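Just the heavy atoms: all of them, side chains too, but no hydrogens, waters or symmetry mates, feed the values below. All values derive from a computational prediction rather than experimental measurement.
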Protein chains: 2
Amino acid sequence: MKSTLLSAAAVAPALPGDARALPPALPDFELIELLFFAYRDFVGEPDRLLERHGFGRAHHRVIHFINRHPGLTVAELLDILEITKQSLARVLKDLIHGDFVEQKAGAEDRRQRLLFLTDKGRALADGLAAMQHQRISRAVAAIGPEHRPMIARFLAELIDKERGAAPATAPSAS
Amino acid sequence: MKSTLLSAAAVAPALPGDARALPPALPDFELIELLFFAYRDFVGEPDRLLERHGFGRAHHRVIHFINRHPGLTVAELLDILEITKQSLARVLKDLIHGDFVEQKAGAEDRRQRLLFLTDKGRALADGLAAMQHQRISRAVAAIGPEHRPMIARFLAELIDKERGAAPATAPSAS
DNA sequence: GAAATATGTCAACATCATTGACGTAATTTT
DNA sequence: AAAATTACGTCAATGATGTTGACATATTTC
């Protein structure tokens with residue numbers, strides 16, 4: 001197994017003084033792959049807890065955002081998750097039938113179904129969040145808590161900006 | 001839409017002097033959600049390019065790792081991706097039929113199928129990597145390149161450690 | 001020669017996503 | 001008040017990706 005790992009580097013050698021228009025800068029494979037592995041494990045652990053309830057990742061996202069924004073409407077949830085009505089309907093039905101989520105008609109606009117977690121739902125959401133928090137907490141501790149803002153900034157910069165009104169993370173003050 | 005965003009904070013107020021065994025530390029919702037949104041967009045852009053070839057995310061992963069480790073065996077790829085033979089077989093078949101990947105029998109062990117990208121495959125892999133590199137590059141620039149090692153460290157810490165011999169990212173120097 | 005290994009393949013199934021159409025209740029517009 | 005729009009639910013069909021378990025074949029190792 002002769003490592004051809006560095007072959008790409010040989011393609012664009014740093015010929016000093018060569019004015020070739022911007023040498024194509026090697027892809028940052030390290031961060032690309034770290035993101036892949038990190039995210040996989042980050043969601044993998046919660047996945048195993050969800051399995052016990054017969055739920056999947058989609059259910060996780062739904063109860064997470066309902067937990068974060070109690071009284072959220074279906075339309076708002078669709079905006080955040082960027083999935084279709086049909087995709088949401090399925091998992092929402094599971095969650096409501098399993099008594100993890102409940103709906104209340106909107107007070108002002110009675111067409112709306114405001115979404116809330118039941119105690120059971122909140123317990124699950126908290127359990128899942130605790131797992132992910134634990135993992136993040138360890139990682140933040142490893143780099144030193146003073147660098148946490150940099151992580152947040154970095155991740156925020158990875159997000160598409162041209163989306164209607166930042167999704168749900170920052171805009172608590174809007 | 002009265003923001004109930006901070007309601008969780010009210011659950012565990014910092015009662016100074018209260019010796020309650022380790023107040024349950026609020027989940028770091030900000031980083032949890034940033035990871036979700038960041039990863040979604042990070043893979044979403046490549047997804048759109050892959051669509052034009054009739055491929056999906058699974059194809060992306062496969063050509064990525066073959067590109068990174070030319071001559072990789074099927075078993076090694078399965079170890080990295082942590083999927084089943086059947087899942088890999090499907091996408092690998094697509095990629096081989098589409099002339100993006102080619103197999104060669106191992107020289108020492110002729111049972112093995114060593115995997116290589118064709119020129120076409122390499123072009124696609126490079127295009128996808130360029131997209132992700134661009135995104136990461138912008139984000140690194142935003143926080144200042146001197147902080148990149150911290151990002152790498154943070155992400156590495158998110159990864160499960162109890163896995164057989166670190167996956168493929170760091171150990172190039174081992 | 002027998003056993004283990006690397007790979008391929010088949011059938012069946014689950015989850016999560018999609019599109020497009022249609023129905024109903026409630027609100028808003030004209 | 002009728003008409004249009006909105007919020008939501010639902011049905012049917014489909015696709016991508018993952019799973020398990022069984023079995024076949026070629027090759028290597030003991």
- Message: Nearest heavy atom decides the nucleotide; on that basis, is A/Ala107 or A/Asp94 closer to the 5' end of DNA chain C?
- Response: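 Comparing both residues, the 5'-ward one is A/Asp94.
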Whole Å only: how far is the [atom1] atom of [X] from the [atom2] atom of [N]?
X: A/Lys93; N: D/dG9; atom1: NZ; atom2: C1'; value: 9 Å
X: B/Leu78; N: D/dT19; atom1: CG; atom2: C1'; value: 14 Å
X: A/Glu82; N: C/dA17; atom1: CD; atom2: C1'; value: 13 Å
X: B/Glu51; N: C/dT18; atom1: CD; atom2: C1'; value: 10 Å
X: A/Leu50; N: C/dA14; atom1: CG; atom2: P; value: 18 Å
X: B/Arg48; N: C/dT18; atom1: CZ; atom2: C1'; value: 16 Å
X: B/Glu108; N: C/dA6; atom1: CD; atom2: P; value: 13 Å
X: B/His97; N: C/dT9; atom1: NE2; atom2: P; value: 8 Å

Looking at the side chain of [X], which of [options] is the nearest nucleotide?
X: A/Ala89; options: D/dT17, D/dT10, C/dT9; value: D/dT10
X: B/Arg110; options: D/dC8, C/dA17, D/dT28; value: D/dT28
X: B/Asp109; options: C/dA17, C/dA6, D/dT19; value: C/dA6
X: A/Arg111; options: D/dT10, D/dA26, D/dT5; value: D/dT5
X: B/Val91; options: C/dT9, C/dA17, D/dT17; value: D/dT17
X: A/Arg90; options: D/dT6, C/dT18, D/dT19; value: C/dT18

Determine: side-chain N/O of [X] to OP1/OP2 of [N], distance under 4.0 Å, yes or no.
X: B/Gln86; N: C/dA11; result: no
X: B/Arg61; N: D/dG18; result: yes
X: B/Ser87; N: D/dT17; result: no
X: B/Thr84; N: D/dT19; result: yes
X: A/His59; N: C/dC16; result: yes

Answer yes or no: is there a donor N or O on one side and an acceptor on the other, between the side chain of [X] and the main chain of [Y], under 3.5 Å?
X: A/Glu157; Y: B/Val140; value: no
X: A/Lys120; Y: A/Gly98; value: yes
X: B/His59; Y: B/Phe55; value: no
X: A/Arg135; Y: B/Leu158; value: yes
X: B/Arg40; Y: A/Leu81; value: yes

- Task: Identify the heavy atoms of B/Ile151 and A/Leu31 that sit nearest to each other, and give their distance.
- Result: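 Shortest heavy-atom separation between B/Ile151 and A/Leu31 comes out as CG2-CD2, 4.2 Å.
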- Message: Between A/Val74 and B/Ile83, which residue's closest nucleotide on DNA chain D lies nearer the 5′ terminus?
- Response: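 Result of the comparison: A/Val74.
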